[in-house]
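Proteins come first, then strands; the chains are lettered A, B, ... in the order of their sequence lines, and each starts at number 1.
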Amino acid sequence: MTAENYQKIWQTVLLIPAGKVASYGQVADLAGLPGRARLVGKALGYAPTELAVPWYRVLRSDRSLGFAPGSATALEQRQLLLAEGVVLKHNRVSKATLWQPDLAELLFKLQY
DNA sequence: ACCATGACGCTAC
DNA sequence: AGTAGCGCCATGG
């Protein structure tokens with residue numbers, strides 16, 4: 001069951017389009033796990049590399065990167081986002097880069 | 001079983 | 001812009 005939750009989370013994150021970002025809480029909600037943002041972070045940490053989950057497109061609800069500024073992971077995330085054309089202002093992404101999925105289409109793709 | 005620890009988030013100061 | 005408290009709960013010691 002927790003394994004299934006991880007699957008739901010990975011699937012949801014895979015739907016985030018390049019150049020867009022979503023928050024941990026948003027992913028949790030869309031994955032059918034409201035209020036469980038922490039689980040999203042855990043799931044991303046455990047994500048199998050073969051799934052190629054775009055973990056770097058997930059950040060905090062205040063639109064700042066999900067890691068301590070200066071940490072190797074934060075630098076990597078910044079680089080990957082910039083490579084997709086995401087605009088970063090002082091360690092924050094602009095509101096325009098937030099992912100706003102069409103719910104009907106999302107439900108269709110997630111196949112619940 | 002108990003306790004501490006997080007890739008979090010929201011409300012209230 | 002910051003801090004504090006609380007809710008959340010899987011994982012590991």
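- One can place CG of A:Asp29 at 13 Å from C1' of C:dC8, the figure rounded to the nearest angstrom.
- The separation between A:Leu33 atom CG and B:dA7 atom C1' is 16 Å, rounded to whole Å.
- Protein atom NZ of A:Lys8 is 14 Å distant from nucleotide atom P of C:dC9, rounded to whole Å.
- Residues from residues 43-74 of chain A that place a heavy atom under 4.0 Å from any atom of DNA chain C, listed by number: A:Tyr46.
- Comparing the same atom, C1', in C:dG12 and in B:dA1 gives a spacing of 14 Å after rounding to whole Å.
- A salt bridge links A:Lys109 and A:Glu105; the closest N-O separation between the charged side-chain nitrogens and carboxylate oxygens is under 4.0 Å.
- When the C1' atom of B:dC8 is taken as reference, atom CG of A:Leu30 falls 15 Å away, rounded to whole Å.
- In this structure, CD1 on A:Ile9 lies 11.5 Å from CG on A:Leu30, to the nearest 0.5 angstrom.
- Computed from coordinates, the A:Ile9 CD1 to C:dC8 C1' distance equals 13 Å when rounded to whole Å.
- Distances shown here put every side-chain N or O of A:Tyr6 at or beyond 4.0 Å from the OP1 or OP2 atom of B:dA7.
- With B:dG9, C:dA10, C:dC8 as the choices, the nucleotide that has an atom nearest any side-chain atom of A:Lys42 turns out to be C:dA10.
- When atom types are taken as modelled, the side chain of A:Gln7 and the backbone of A:Thr2 share no donor-acceptor pair closer than 3.5 angstrom.
- Spacing of C1' atoms, B:dG6 relative to C:dG7, comes out at 14 Å, to the nearest Å.
- Side-chain N or O atoms of A:Gln11 include none that pairs as donor or acceptor with a backbone N or O of A:Tyr6 at under 3.5 Å.
- Here C:dA1 presents its C1' atom at 14 Å from NE2 of A:His90, a figure rounded to the nearest Å.
- Salt-bridge check for A:Glu84 with A:Lys20: failed, with every basic side-chain N at 4.0 Å or more from each acidic carboxylate O.
- In this structure, A:Trp10 contributes its side chain and A:Ala43 its backbone to a donor-acceptor pair below 3.5 Å.
- Between the side chain of A:Arg36 and the main chain of A:Ala28, no donor-acceptor pair closer than 3.5 Å is present.
- At the phosphate of C:dA10, OP1 or OP2 sits under 4.0 Å from a side-chain N or O atom of A:Arg36.
- When the P atom of B:dC8 is taken as reference, atom CZ of A:Arg38 falls 7 Å away, rounded to whole Å.
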